Amino acid sequence: MIVDALILVDVQVGLVTGPDAVPAAGHLLEVLTDLAARARAAGALVVQLQNDGAAGTPDEPGTPGWRLHLPVGPDDVVLRKTTDDGFAGTDLGDLLTRRGARRLVVGGVMSEMCVSATARTALRRGYGVVLPHDAHATYDIPAAAGISGAVPAAHVSRVAEWALGDEVEVVPRAADVAFR
């Protein structure tokens, strides 16, 4: 599958390194680093979304955890956001329109929140969305008394993919995505 742009969602130090890192963060970072390198080499648009988390969270603005983990390429665009949806309150939609992007690959954290919300809005706006299974991650959901046991992060990520419906193109590996 061929795409025009890469949207990296909240790949921030506090979410992918240290004690607050999502499970399997090391593999996720390898996958996202490769995607970004291939996108840049093809001259595709690379957008890094950066979440401004609440005080005391790993992505609180100005803290070491808030910084973007992946290097920002010379032509990358960094957009700060304050909600799950990367389109809400940002220039993302206008930027994609100006650059003529129609098919996007989305990756980052957290699968069921910011990745899902950004992908959902992209779909609603008519973009083609490719979501590689190995390019997004989240946390385990803790057990809830009287409701369920703990839910492993891998299951949460898969449910997030499923919940996006049949419009999103879920693929097993980011390595199978090509850029134009």
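A quick note: this is a predicted structure, and the numbers were derived from the prediction, not measured.
- For the atom pair CG of N51 and CG of L79, the computed distance is 12.5 Å after rounding to the nearest 0.5 Å.
- Taken together through direct or relayed side-chain contacts under 4.5 Å among Ile, Leu, Val, Met, Phe, Trp and Tyr, L32 and L92 form parts of separate hydrophobic clusters.
- Minimum interatomic distance between P61 and G53 (heavy atoms only, all atoms of both residues): CD-O, 3.1 Å.
- For the atom pair NE2 of H69 and CD of Q12, the computed distance is 11.5 Å after rounding to the nearest 0.5 Å.
- Shortest non-hydrogen contact noted between A122 and F87 is N-CE1, 3.6 Å.
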I'd like to know whether L95 forms a side chain to side chain contact (heavy atoms under 4.5 Å, CB included) with V77, so could you lay out the CA-CA distance, the side-chain angles of the two residues, the decisive distance to 0.1 Å, and finally the verdict.
CA-CA 9 Å; L95 174 63; V77 176; 3.7 Å; yes
As a quick check of understanding, evaluate side chain to side chain contact (heavy atoms under 4.5 Å, CB included) for E161 and L131, giving each step before the final call. CA-CA 8 Å; E161 294 167 352; L131 184 63; 3.8 Å; yes
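- L104 and V177 fall into different hydrophobic clusters, where Ile, Leu, Val, Met, Phe, Trp and Tyr residues are linked whenever their side-chain heavy atoms come under 4.5 Å apart, directly or through other members.
- Cluster membership check: L29 shares its hydrophobic cluster with V46, using side-chain heavy-atom separations under 4.5 Å among Ile, Leu, Val, Met, Phe, Trp and Tyr.
- Considering every non-hydrogen atom in both F179 and A44, the closest pair reads CD2-CB, 3.8 Å.
- A single hydrophobic cluster is seen to contain both L8 and M1, as judged by linkage of ILVMFWY side chains at heavy-atom distances under 4.5 Å, directly or through other members.
- Once rounded to the nearest 0.5 Å, the distance linking CG of L35 with CG of L6 reads 5.5 Å.
- Cation-pi contact between R103 and Y127: absent, since separation from the ring centre below 6.0 Å together with deviation from the ring axis within 45° is not met.
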Using distance only, find each side-chain donor-acceptor pair of residues 105-114 under 3.5 Å and give its atom names and separation, not counting sequence neighbours.
| unit_1 | atom_1 | unit_2 | atom_2 | d |
| --- | --- | --- | --- | --- |
| S111 | OG | H136 | ND1 | 2.6 |
| S111 | OG | A137 | N | 3.3 |
| S111 | OG | A137 | O | 3.3 |
| S111 | OG | S157 | OG | 2.8 |
| E112 | OE1 | T138 | OG1 | 2.6 |
| E112 | OE2 | T138 | OG1 | 3.2 |

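- Comment: R120 does not engage D84 in a salt bridge, judged by the lack of any side-chain N to carboxylate O separation of less than 4.0 angstrom.
- Rounding to the nearest 0.5 Å gives a distance of 10.5 Å between CG of L15 and CG of L68.
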* Asked: Going through the distances and angles, do T57 and W66 end up as a side chain to side chain contact (heavy atoms under 4.5 Å, CB included)?
  -> CA-CA 9 Å; T57 61; W66 173 76; over 6 Å; no
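- Taking the side chain as every heavy atom from C-beta outward, D10 and D59 never approach each other to under 4.5 Å.
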Side chain to side chain contact (heavy atoms under 4.5 Å, CB included) for L96 and I7? Distances and angles first, verdict last.
CA-CA 10 Å; L96 294 170; I7 311 298; 4.3 Å; yes
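- Cluster membership check: V130 does not share its hydrophobic cluster with V115, using side-chain heavy-atom separations under 4.5 Å among Ile, Leu, Val, Met, Phe, Trp and Tyr.
- A salt bridge links R38 to D34: at least one charged side-chain nitrogen sits closer than 4.0 Å to a carboxylate oxygen.
- Remark: A119 pairs with V129, L164 by the side chain to side chain contact (heavy atoms under 4.5 Å, CB included) rule, at least two apart or across chains.
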